[in-house]
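For clarity, every value in this text was computed on a predicted model and none was experimentally measured. Letters A, B, ... mirror the listed sequences (proteins, then strands); counts begin at 1.
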There are 2 protein chains.
Amino acid sequence: MKSVDRRVQKTRALLHEALLDLIVEKGYEAITVQDIIERANIGRSTFYFHFEDKEKLLRGCIDQLFHFLQISPKSSSEEKLNGNIHFQFSLAMLQHVQSHRLIYTAVVGKQSGVVVLYHMKKMLKTVISEEIDQLYERDLLKKLPTGVLTAHILGSFWTMLNWWMEQKTPYSAIQMDQMFHEIALSGVRA
Amino acid sequence: MKSVDRRVQKTRALLHEALLDLIVEKGYEAITVQDIIERANIGRSTFYFHFEDKEKLLRGCIDQLFHFLQISPKSSSEEKLNGNIHFQFSLAMLQHVQSHRLIYTAVVGKQSGVVVLYHMKKMLKTVISEEIDQLYERDLLKKLPTGVLTAHILGSFWTMLNWWMEQKTPYSAIQMDQMFHEIALSGVRA
DNA sequence: TAAATTCCGAACACATTGTTTGATAAAGGG
DNA sequence: CCCTTTATCAAACAATGTGTTCGGAATTTA
């Protein structure tokens, strides 16, 4: 059990916090390493001692944000929504978003960065494709390449997030979850 | 009729071309103004004489790419696909993509840039929301906020493009159009 | 041909990156 | 408690990119 040096813990926490704050304020792209170390009040060389560059720091943040999702309680209520199909990941995620609206608004919005979106989607894809595979084997999905299905579900979900974050008087996580299921599973046709 | 100075035409064409080439090679984000003017063999001050920055040049390129779409022949064949609903924009766009695969692969891919995606989607959104509104008034769509519907269609279409560009042995534009309609209109449920 | 416009290239101040230095401070182990 | 190890810091650095400015040269238009 090698415990991590307290100084290291403190420094990393400060840097994570600074990055998230700055993302909310000006968006990922616009942030410079200079900004981060000033906000965190950390020396320049110390930053590079811990992280290769801005992106590596970001990865640390995202890993941390989503570590929560991994251990979040799966809704075991097998609801009969939309013909038995019910994705597990969506509600947990949507609720997490709801309680961290500021940061997600920034992450999802115009000011974000490709890298941010890339890492976020990559993570979601992992979660989604598992569920897709299960449903596919139970013949509950269309007979299209599972790649397309996964991509489509991820895309739909992401679209929902984006739209949600743009609304002034936001819907609840539960409402969004229903809308997501409705539209992703049976499309837009009346 | 003020005709544009030939030198201006030539310079702008060279810069457009250089940018597109470089996007294919290294992705938008990684490109510097330095790269562009070297590739185009244009003086530094000349670049800034024409464009404020990299993004303004990009906008010029996209406007040009999509000017084609505006005047592209709408498929007037009122096919009875998926219960009478048939988006006009998709096939024209997909065919344009098919004949410019390299650039679209780069634009859509991991190396792209938020600005690129932003401008592309913005343009598509304009086209799509028109069609959505028409269909909505004819009661052919679900009674959800039209904003969600538009966002979803745009998202689905974008997802299709992404997935398409990732495939090694690509489907045809027509196949992709069918898949897009199928999945966007009636979802993934079997 | 003459006037207007555009191009060039060189130089400029400025910001950001990522690295290196050696001194200082703090942590952890015995 | 002392001593070794490790982390931090500030300062300076080269390298790269940005956006501006200048006067002179070249080209276009009329």
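- Within the structure, the ring pair (Phe, Tyr, Trp, His ring centres under 6.0 Å) test picks out the following pairs touching residues 149-170 of chain A (sequence neighbours left out): Phe89(A)-Phe157(A), His152(A)-His152(B), Phe157(A)-Phe180(A), Trp163(A)-Tyr171(A).
- Taking atom CD1 of Ile42(A) as the reference point, atom C1' of dC9(D) lies 10 Å away to the nearest angstrom.
- Crowding of Lys26(B) atom NZ: a count of heavy atoms from other residues, nucleotides or ligands under 6.0 Å exceeding 12.
- Between Phe47(A) atom CZ and dT16(C) atom C1' there is a gap of 12 Å when expressed in whole angstrom units.
- Every stem involving DNA chain D, taken as at least 3 paired positions in a row under the Watson-Crick or G-U wobble test at 3.5 Å, is listed here: C:1-17 with D:14-30, C:19-27 with D:4-12.
- Remark: C1' of dG18(C) and CD of Glu52(A) are 11 Å apart, rounded to the nearest angstrom.
- Atom CD1 in Ile37(A) sits about 11 Å away from atom C1' in dT17(C), given to the nearest Å.
- Rounded to whole Å, the distance from CG on Asn41(B) to P on dA26(D) is 16 Å.
- Other residues, nucleotides and ligands place no more than 12 heavy atoms under 6.0 Å from the CD atom of Glu52(A).
- At dT20(D), none of the side-chain N or O atoms of Tyr48(B) fall inside 4.0 Å of OP1 or OP2 (strictly under the cut-off).
- No more than 12 heavy atoms of other residues, nucleotides or ligands lie within 6.0 Å of CD1 in Ile174(A), so this atom counts as exposed by the packing criterion.
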Tabulated below should be each protein N or O lying under 3.5 Å from an N or O of nucleotides 11-14 of chain C; please produce it.
none

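- The shortest side-chain heavy-atom distance between Met160(A) and Ile183(A) falls under the 4.5 Å cut-off.
- The closest side-chain donor-acceptor pair between Thr159(B) and Asn162(B), if any, does not fall under 3.5 angstrom.
- DNA chain D is contacted by no residue of residues 23-36 of chain A, taking any non-hydrogen atom closer than 4.0 Å.
- At least one side-chain nitrogen or oxygen of Thr46(A) sits closer than 4.0 Å to the OP1 or OP2 atom of dC9(D).
- Within the 3.5 Å criterion, the main-chain N or O of Glu182(B) finds a donor-acceptor partner in the side chain of Ser186(B).
- Counting heavy atoms of neighbouring residues, nucleotides and ligands inside a 6.0 Å radius, atom CZ of Arg6(A) does not exceed 12 of them.
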Is there a side chain to side chain contact (heavy atoms under 4.5 Å, CB included) between His181(A) and His86(A) once you walk through the steps? CA-CA 7 Å; His181(A) 275 88; His86(A) 186 231; 3.2 Å; yes

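- Closest to the Thr11(B) side chain, of the nucleotides dT29(D), dC7(C), dG19(D), is dC7(C).
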Using a cutoff of under 3.5 Å, can you pull out all pairs of nitrogen or oxygen atoms linking the protein to nucleotides 2-6 of chain D, with atom names and distances?
residue: dT6(D); atom: O2; partner: Arg7(A); partner atom: NH1; Å: 3.1
residue: dT6(D); atom: O2; partner: Arg7(A); partner atom: NH2; Å: 3.2

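- We find that CD of Glu38(B) is positioned 14 Å from P of dC8(C), with the value rounded to whole Å.
- A search for ring pair (Phe, Tyr, Trp, His ring centres under 6.0 Å) contacts involving Tyr136(B) returns nothing, not counting sequence neighbours.
- Taking the side chain as every heavy atom from C-beta outward, Glu29(A) and Gln111(A) never approach each other to under 4.5 Å.
- Taking 4.0 angstrom as the limit, His50(A) places none of its side-chain polar atoms (N or O) nearer than this to OP1 or OP2 of dA7(D).
- Aromatic ring pairs are classed by plane angle as parallel below 30°, tilted from 30° to 60° and perpendicular above 60°; the pair Phe47(B) and Phe51(B) is tilted.
- Between the CD atom of Gln9(B) and the P atom of dC7(C) there is a distance of 11 Å, given to the nearest Å.
- Taking atom CG of residue Leu14(B) and atom C1' of nucleotide dC7(C), one finds them 12 Å apart after rounding to whole Å.
- Within a 6.0 Å sphere centred on NZ of Lys10(B), heavy atoms belonging to other residues, nucleotides or ligands number 12 at most.
- Taking the side chain as every heavy atom from C-beta outward, Met176(B) and Met179(B) approach each other to under 4.5 Å.
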